[in-house]
Number of protein chains: 2
Amino acid sequence: MVKTKPLSRVQIRNRHAILAAALEVFSQHGFRGATLDQIAKQANMSKPNLIYYFANKETVFVTLLNQHVDAWLAPLREIDQDGEPLDEILTYVRRKVQMSRDMPRESRLFANEIVQGAPRVREHLAGDLKQLFDQTSAVFARWMDEGRIARVDPDHLIYSIWATTQHYADFGAQIDILTGPDTLDGAEAFLVNLYTKMLTP
Amino acid sequence: MVKTKPLSRVQIRNRHAILAAALEVFSQHGFRGATLDQIAKQANMSKPNLIYYFANKETVFVTLLNQHVDAWLAPLREIDQDGEPLDEILTYVRRKVQMSRDMPRESRLFANEIVQGAPRVREHLAGDLKQLFDQTSAVFARWMDEGRIARVDPDHLIYSIWATTQHYADFGAQIDILTGPDTLDGAEAFLVNLYTKMLTP
DNA sequence: GTCTATACGCTGATAGAC
DNA sequence: GTCTATCAGCGTATAGAC
């Protein structure tokens with residue numbers, strides 16, 4: 001382990017302010033589109049002072065990703081392989097919709113990066129996520145083998161859940177125009193119905 | 001109507017080369033992330049010569065959007081309100097999957113822009129798309145009223161089709177890592193099954 | 001129509017005073 | 001720890017020769 005100096009109260013507060021500002025700016029403009037000026041301004045801080053805390057732009061971004069990736073994957077980790085299959089999947093769907101409602105910036109932070117080929121999140125995807133994905137896919141496959149949910153391709157099942165739920169955050173600008181601002185209650189009901197019908201044996 | 005000089009063969013060829021290059025670059029990096037240097041290089045052209053044809057970066061981008069928006073919306077327009085409802089919807093789903101396979105760059109071009117708040121496509125969305133969306137939603141609602149497909153929220157039905165099908169293009173980088181390169185045959189079968197089960201009365 | 005040269009603002013990052 | 005001043009490089013766009 002690397003030994004690191006403990007951070008002072010001011011340091012902790014400023015790092016938090018910077019990361020909060022960075023989430024706002026990176027999620028809206030992507031890595032390249034975001035500027036340190038914007039982030040510094042949003043954090044009520046001078047640009048050199050920002051750099052004092054994070055060395056460079058990439059470090060801010062990577063730190064931000066690392067900070068959110070665990071929270072981002074939490075609902076997936078919480079699928080209980082010993083639970084009731086349909087309940088577990090519907091609970092997962094509901095939590096993902098909830099995250100699109102409550103954490104749209106985090107969703108767009110990742111979406112921006114993946115649409116552009118995932119240059120800086122590739123390790124996250126190939127590591128943590130890949131392992132979790134394979135594990136979840138295997139659990140779904142077992143449930144299907146046991147006849148407890150209908151047999152479908154488990155990989156595509158996961159993709160479709162991601163796609164349908166994250167869509168409300170990532171493409172929120174489009175939905176705002178077409179349907180207007182929404183609480184996502186309708187979305188949740190629609191998706192629960194969709195996956196219930198698909199997965200009931 | 002505005003009277004415009006006819007374009008010479010060279011002009012036509014160069015404008016095509018620029019737009020082809022621009023699709024490649026903008027779809028991968030987004031508007032701000034793309035540079036005129038990249039586009040010019042991809043089009044085998046000097047940067048000033050590129051500007052000779054399009055005046056500025058934004059004009060290239062807007063021209064590119066206008067060029068592709070019709071093709072992009074074609075499958076939606078082709079839904080036949082007098083056809084067999086489930087067939088029409090499944091055909092639409094299949095065509096959208098096909099577009100993710102054959103036109104992933106076009107998909108990402110729009111995805112990039114919408115994730116970032118649709119600053120430059122807002123008019124397209126509020127105009128052409130909004131009208132087409134409302135019309136399609138109304139057709140779906142009528143089919144439900146007539147009991148020919150199951151009753152669900154038609155707006156969310158459209159969103160879920162967009163989300164699930166475009167996901168394979170927009171988040172292709174993630175899928176390549178998790179499942180590996182794919183022909184999308186499995187995706188198509190999965191989605192046909194999904195919407196058949198949901199919509200069969 | 002196409003090129004070289006260049007202007008010029010913006011952006012990431014550093015130096016150094018306080 | 002925070003600031004002002006500043007730099008180097010990139011990126012858009014223009015001028016002007018050919």
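Below, chain A is the first sequence line, B the second, and so on; all start at residue 1.
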Engineer: Rounded to whole Å, please give me the gap between CG in B:Leu50 and P in C:dC3.
Structural biologist: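 Checked: the CG to P distance equals 11 Å.
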
Engineer: Nearest to the side chain of A:Ser8, heavy atoms from C-beta on, is which of C:dC3, D:dG1, D:dA13?
Structural biologist: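 Ranking C:dC3, D:dG1, D:dA13 by closest atom to the A:Ser8 side chain puts D:dG1 first.
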
Engineer: Measure the distance from CD on A:Glu58 to P on C:dT11 and round it to the nearest whole Å.
Structural biologist: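 Atom-to-atom, A:Glu58 to C:dT11, this comes out as 18 Å.
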
Engineer: If you assign A:Ala55 and B:Met45 each to the DNA chain C nucleotide with the nearest heavy atom, which residue ends up on the more 5' nucleotide?
Structural biologist: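 With A:Ala55 and B:Met45 compared, the 5'-side residue is B:Met45.
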
Engineer: Does B:Asn49 put a side-chain nitrogen or oxygen below 4.0 Å from OP1 or OP2 of C:dC3?
Structural biologist: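 Checking C:dC3 against B:Asn49, a side-chain N or O does come within under 4.0 Å of OP1 or OP2.
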
Engineer: By the definition side chain to side chain donor-acceptor pair (under 3.5 Å), identify the one residue from B:His124, B:Arg108, B:Arg122, B:Arg120 that meets it with B:Glu113.
Structural biologist: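 Option passing the side chain to side chain donor-acceptor pair (under 3.5 Å) with B:Glu113: B:Arg120.
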
Engineer: Nearest-Å distance, CG (B:Asn14) to C1' (C:dC3)?
Structural biologist: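 To the nearest whole Å, that distance equals 13 Å.
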
Engineer: Of the options C:dG12, D:dA13, D:dG11, whose atoms approach the side-chain atoms of B:Asp37 most closely?
Structural biologist: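 Selected nucleotide: D:dG11.
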
Engineer: Taking the minimum atom-to-atom distance to the side chain of A:Leu36, which one of D:dA13, D:dT2, C:dA13 wins?
Structural biologist: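 Of the candidates, C:dA13 comes closest.
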
Engineer: Tell me what B:Ala34 touches on the nucleic acid: a base, only sugar-phosphate, or nothing, going by heavy atoms under 4.0 Å.
Structural biologist: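 Counting heavy atoms under 4.0 Å across all strands, the contact made by B:Ala34 is with sugar-phosphate only.
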
Engineer: Does the gap between the ring centers of B:Phe133 and B:Tyr159 come in under 6.0 Å?
Structural biologist: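 Between B:Phe133 and B:Tyr159, the centre distance is under 6.0 Å.
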
Engineer: Rounding to a whole Å, what distance do you find between A:Lys47:NZ and D:dC7:P?
Structural biologist: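 Nearest whole value for this atom pair: 14 Å.
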
Engineer: Of the nucleotides C:dT11, C:dG1, D:dC3, which one has an atom closest to the side chain of A:Ser46?
Structural biologist: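 Out of C:dT11, C:dG1, D:dC3, the nucleotide with an atom closest to A:Ser46's side chain is D:dC3.
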
Engineer: With a cut-off of less than 4.0 Å, is there a side-chain N or O of A:Arg13 near OP1 or OP2 of D:dG1?
Structural biologist: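 No, because none of the side-chain N or O atoms of A:Arg13 sits under 4.0 Å from OP1 or OP2 of D:dG1.
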
Engineer: Once rounded to the nearest 0.5 Å, what's the spacing between atom CG of A:Leu64 and atom CZ of A:Arg105?
Structural biologist: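 Going from CG on A:Leu64 over to CZ on A:Arg105, the span is 10.0 Å.
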
Engineer: Can you tell me which nucleotide in D:dG11, C:dT2, C:dA5 comes closest to the side chain of B:Pro48?
Structural biologist: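 Closest of the options to the side chain of B:Pro48: C:dA5.
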
Engineer: Just say parallel, tilted or perpendicular for the rings of A:Phe31 and A:Phe26, cut-offs at 30° and 60°.
Structural biologist: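 Rings of A:Phe31 and A:Phe26: parallel, under 30°.
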
Engineer: Between the base of D:dG11 and the side chain of B:Lys57, is there any donor-acceptor pair under 3.5 Å?
Structural biologist: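 No, the side chain and the base share no sub-3.5 Å donor-acceptor pair.
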
Engineer: Looking at B:Arg32, does any N or O in its side chain come under 4.0 Å of the phosphate oxygens OP1/OP2 on C:dT11?
Structural biologist: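 The answer is yes; a side-chain N or O of B:Arg32 sits under 4.0 Å from OP1 or OP2.
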
Engineer: Tell me the interatomic distance from A:Phe54, atom CZ, to C:dT11, atom P, rounded to whole angstroms.
Structural biologist: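 Those two atoms, CZ and P, are 21 Å apart.
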
Engineer: Would you find a donor on one side and an acceptor on the other, under 3.5 Å apart, between the side chain of B:Thr59 and the backbone of B:Ala55?
Structural biologist: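 A pair under 3.5 Å: no.
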
Engineer: Which whole-number value in Å describes the distance from B:Leu7 CG to C:dG1 P?
Structural biologist: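 Computing the B:Leu7:CG to C:dG1:P distance gives 9 Å.
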
Engineer: Can you tell me which nucleotide in C:dG12, C:dT2, C:dT4 comes closest to the side chain of B:Tyr52?
Structural biologist: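 Output: C:dT2.
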
Engineer: In whole angstroms, how far is the P atom of C:dG12 from the CD atom of A:Gln38?
Structural biologist: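 For the pair A:Gln38 CD and C:dG12 P, the rounded distance is 9 Å.
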
Engineer: Calculate the interatomic distance between A:Tyr53 atom OH and D:dC3 atom P; express it in whole Å.
Structural biologist: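 It is 10 Å, rounded to the nearest whole Å.
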
